[in-house]
Amino acid sequence: MRRTAGAVLALGLVAGLMVPAALAGTKIYEGTVGDSNGVVHFTVHTRHGNSKLSRFQFDQLDLACSQGIAHIQGNFPDTVKLKNGNFKLSNDPPHGAYTEVATGKVAGKQASGTLQVSGDFEPGSLDDCDSGIVHWTASR
């Protein structure tokens, strides 16, 4: 009888250890940015109750430049921890020609936030550009 009770207890402990592992994982979010055909895409990795966001990418973001409207794509190479579901990413290229800032909140299967890109991208053809603050939404 003791062996059976011990085996049941051992199985219960192993099963209990497996539950957090089942909750861990990678979730991919996709959605839209702005009023155009823009898209946003990123990944959230959760392990031991801690979540990190990585691979934040956007495409077809409208920029108002001195030469007219341009559509750009970009990404944030950094991985950041989510703090209460919130995050902030920023890119400043080495020469400081432009900046990209993304903020957001991930809550379960939904996420939303803002994106702003501004600066000079291609001197002479994409100067003095600004997306303004653009809202994005995504889900998994």
>> Once rounded to the nearest 0.5 Å, what's the spacing between atom CD of Q60 and atom OG1 of T32?
In response: 13.0 Å

>> Is any side-chain heavy atom of W136 closer than 4.5 Å to one of F56?
In response: yes

> Of the non-hydrogen atoms in V40 and T137, which two are nearest, and what is the gap between them?
Replying inline: CG1-O, 3.8 Å

> Is there side-chain contact between V117 and L61, with heavy atoms separated by less than 4.5 Å?
Replying inline: yes

> Heavy-atom distance under 4.5 Å between the side chains of V101 and K88, does that happen here?
Replying inline: yes

> Can you name the nearest heavy-atom pair linking L115 to V33, along with the distance?
Replying inline: CD2-CG2, 4.0 Å

>> Quick check against the 3.5 Å criterion: does K27 have a side-chain atom that pairs as donor or acceptor with the backbone of G108?
In response: no

> What heavy-atom pair brings A138 and Y29 nearest, and what distance separates the two atoms?
Replying inline: CB-CB, 4.1 Å

>> Please check: side-chain N/O of D128 versus main-chain N/O of C65, any donor-acceptor pairing under 3.5 Å?
In response: no

> So, the side chain of T114 versus the backbone of I133: is there a donor-acceptor pair under 3.5 Å, distance only?
Replying inline: no

>> For a 4.5 angstrom cut-off between non-hydrogen side-chain atoms, does I28 reach H41?
In response: yes

>> Minimum heavy-atom separation for N84 and K105, please, with both atom names.
In response: O-NZ, 2.6 Å

>> Are the side chains of P77 and N91 in contact, using a 4.5 Å heavy-atom criterion?
In response: yes

> Looking at CD1 of I72 and OH of Y98, how far apart are the two atoms once the value is rounded to the nearest 0.5 Å?
Replying inline: 8.0 Å

>> Counting only heavy atoms not in K52 (residues, nucleotides, ligands), do more than 12 fall under 6.0 Å from its NZ?
In response: no

> More than 12 foreign heavy atoms under 6.0 Å from CG of N37: is that the case here?
Replying inline: no

> OG1/T103 to CG/N86 distance, rounded to the nearest 0.5 angstrom?
Replying inline: 9.0 Å

> Are V39 and V106 connected, step by step, through hydrophobic side chains (Ile, Leu, Val, Met, Phe, Trp, Tyr) whose heavy atoms are closer than 4.5 Å?
Replying inline: no

> Which atoms form the tightest heavy-atom contact between E100 and G74, and what is the distance?
Replying inline: OE2-CA, 4.2 Å

> If you look at every heavy atom in A111 and F42, which pair is closest and at what distance?
Replying inline: CB-CZ, 3.7 Å

>> For a 4.5 angstrom cut-off between non-hydrogen side-chain atoms, does V80 reach F76?
In response: no

